[in-house]
Amino acid sequence: MKVKKTIERIMNGLFFLCGMVAVISVIAITLYMIICGVPAIKEIGIKDFLFGKVWKSTAKEPLYGILPFILTSIYGTIGAVIIGVPIGLFTAIFLAKIANKKVAGVVRPAVELLSGIPSVVYGLIGMVVLVPAIMKVFNLKNGTCLLAAIIVLAIMILPSIVTVSETAILAVPKEYEEASLALGATKIETIFKVTIPAAKSGIATGIVLGIGRAIGEAMAVMMVAGNVPNMPKMFSSVTFLTTVISKEMSYATGFQRDALYSIGLVLFVFIMIINVVLNVFLKGREE
Amino acid sequence: MKVRKLLSMVVVAAMSVGIIAGCGNSSDKSDSNAGTNSGSGIKGTVSTNGSTSMENVISSLIEAYNEKNPDVTITYDATGSGTGITAASEGTTDIGLSSRHLKEDEKGLTETVIALDGIAVIVNKNNKVDDLTLEQIADIATGKIKNWSEVGGEDSPITVIGREAGSGTRDGFESIVDVADSCVYDQELTSTGAVIAAVSANEYSIGYASLSAVSDEVSAIKVDGVECSEESVLDGTYKIQRPFAMITNDSTDLSNAAKSFMDFAKSEEVQDIITAAGAVPASKQS
């Protein structure tokens with residue numbers, strides 16, 4: 001009897017310990033980012049850092065303005081959302097309401113597989129197929145650009161939008177739709193005027209999840225965006241908040257390194273904000 | 001309940017500290033074990049300080065040297081050639097590392113070139129241009145020349161592909177061609193392989209890469225009429241090259257350990273190591 005109790009206790013402790021791993025990691029990472037990121041921001045000056053338009057980290061008189069990266073990350077994410085959300089949402093509607101079982105049985109696994117593809121593979125295909133294609137279609141001398149990154153990101157965020165939206169659409173009570181149909185609305189009218197509004201908080205959750213994925217993506221973007229610290233333009237090489245860190249960290253020394261940590265902190269704050277927004281949506285859904 | 005929670009948290013914290021401490025101990029132990037097994041009699045520490053571009057070469061040299069002489073600890077501070085030379089002349093480091101020759105006013109120092117860094121300028125295979133002057137390359141890099149027809153090629157725009165800020169190859173190219181901080185790139189990639197892949201994929205592009213990495217996928221152009229090869233780098237006719245030198249102070253004697261490390265770096269036995277690190281070993285000269 002006693003042995004059993006001890007085992008119970010030990011197992012309880014073990015579960016608790018495992019649970020703490022995540023908590024401790026979050027606390028440690030947060031503290032580390034703040035400790036490493038704040039000094040460089042202080043030295044550069046928060047205004048010059050966040051709103052400076054020129055990044056020249058290794059020049060003789062270095063400049064550390066990260067506005068190009070912030071704007072690129074924001075534009076890139078918005079662009080991905082503009083392309084990805086309609087496609088994702090319509091796929092979800094198609095799967096939940098329109099497709100027959102056979103077709104859905106093909107589309108659904110395809111979408112799920114999409115989420116399992118490693119980002120480096122997205123990047124590779126973007127580099128080998130998309131970048132030369134953009135070069136040809138738009139007659140550019142260089143295909144690595146913001147547009148290429150947006151297209152790659154749009155495809156990468158599809159799975160989270162589709163799966164979460166589909167669940168939300170399926171959760172809409174049948175009575176709503178039946179009432180609408182009974183009143184004489186067509187199937188499409190019902191979907192757009194009844195089902196989607198009723199599922200909107202779930203759809204929003206999917207979109208925010210997608211935004212989180214898009215803003216945090218580094219590898220795929222680095223392979224198609226060109227990585228020059230330009231102010232964002234659709235057809236010029238650009239650098240995201242994530243890619244500037246991954247591209248310069250390997251050789252960075254001294255203050256350049258500190259500044260990269262500061263960019264990490266900015267990115268961290270961005271993602272925290274997205275998480276808070278996500279939590280608000282999730283709560284709204286529960287109520 | 002709350003007290004218990006707090007208590008367990010403290011326990012967890014204490015345990016994780018224990019784990020970390022445990023790791024530290026074990027690594028210390030293995031170090032000292034390796035020390036006692038050493039064959040050579042040389043002991044001590046050698047500090048090196050300087051050029052960030054030499055990181056690859058120096059790191060692989062240190063690694064190879066430590067395999068033979070585990071009792072010698074060699075440190076490397078990547079600060080920059082200027083700082084390395086200053087440190088050597090002030091005596092704050094044993095060996096300064098410089099990726100440029102000493103200037104005339106930097107007296108009382110001796111430079112020992114251990115390797116040469118040749119940087120090839122590469123273009124797409126379909127590009128007819130195969131010879132550029134140093135000035136033309138500089139103008140292309142800074143965006144003054146924007147079309148291949150201006151340098152004898154087809155009427156097509158030029159795409160400049162380079163490396164990321166902080167890369168030794170970029171630093172080398174920009175300082176030799178004298179376009180530091182004024183290059184206008186269309187792409188900045190993070191590895192030599194990526195640059196070569198991008199140049200081989202884009203017909204209009206021009207890029208640069210370490211001589212040792214250039215493959216058949218792209219063509220390396222002649223600079224001022226000189227082909228880029230190990231021989232032309234060694235005899236000095238190929239322009240886009242720079243020395244990797246160890247700087248020592250004439251007024252102080254080197255420690256045994258430092259001397260043995262320098263001899264090792266100069267020796268012919270490290271030729272393969274230096275080549276693998278992307279440079280041309282100076283011991284091949286003469």
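In the text below, chain A, chain B and the rest are named by the order of the sequence lines, each starting its count at 1.
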Original post:
Does B:Asn126 CG have over 12 foreign heavy atoms under 6.0 Å away?
Top reply: yes
Original post:
Crowded around B:Lys146 NZ? As in, over 12 foreign heavy atoms under 6.0 Å?
Top reply: no
**OP:** Count the heavy atoms of every other residue, nucleotide or ligand shown that sit under 6.0 Å from CZ of A:Phe255, and state whether that count exceeds 12.
**Re:** yes
Subject >> Which atoms of B:Tyr204 approach chain A - backbone, side chain, both or neither, heavy atom under 4.5 Å >> reply: side chain
**OP:** Can you tell which part of B:Ala201 gets under 4.5 Å to a heavy atom of chain A, answering side chain, backbone, both or neither?
**Re:** neither
**OP:** Could you tell me which non-hydrogen atom of A:Thr58 sits nearest to which non-hydrogen atom of B:Asp181, and how far apart they are?
**Re:** O-OD1, 4.3 Å
Original post:
Are there more than 12 heavy atoms of other residues, nucleotides or ligands under 6.0 Å from atom CD of B:Glu150?
Top reply: yes
Original post:
chain B heavy atoms under 4.5 Å from A:Lys247: which part of the residue, side chain, backbone, both or neither?
Top reply: both
Original post:
Under 3.5 Å, is there a donor-acceptor pair between the A:Asn227 and B:Glu164 side chains?
Top reply: no
Original post:
In this structure, are over 12 heavy atoms from other groups packed under 6.0 Å from A:Ile46 atom CD1?
Top reply: no
Original post:
B:Gly168, B:Ser167, B:Ala180: which one forms the most heavy-atom pairs within less than 4.5 Å of chain A?
Top reply: B:Ser167
**OP:** State, to 0.1 Å, how close A:Pro229 and B:Glu188 come at their nearest heavy-atom pair, and which atoms those are.
**Re:** CD-OE2, 3.4 Å
Original post:
Between A:Val128, A:Val228, A:Val238, which has the largest tally of heavy atom pairs under 4.5 Å with chain B?
Top reply: A:Val228
**OP:** Sort B:Ile161 into side chain, backbone, both or neither according to what part of it lies under 4.5 angstrom from a heavy atom of chain A.
**Re:** neither
Original post:
Less than 4.0 Å between a side-chain N and a carboxylate O, is that true for A:Lys141 and B:Asp186?
Top reply: yes
Original post:
Which bit of A:Met135 comes within less than 4.5 Å of chain B, counting heavy atoms only: side chain, backbone, both or neither?
Top reply: side chain
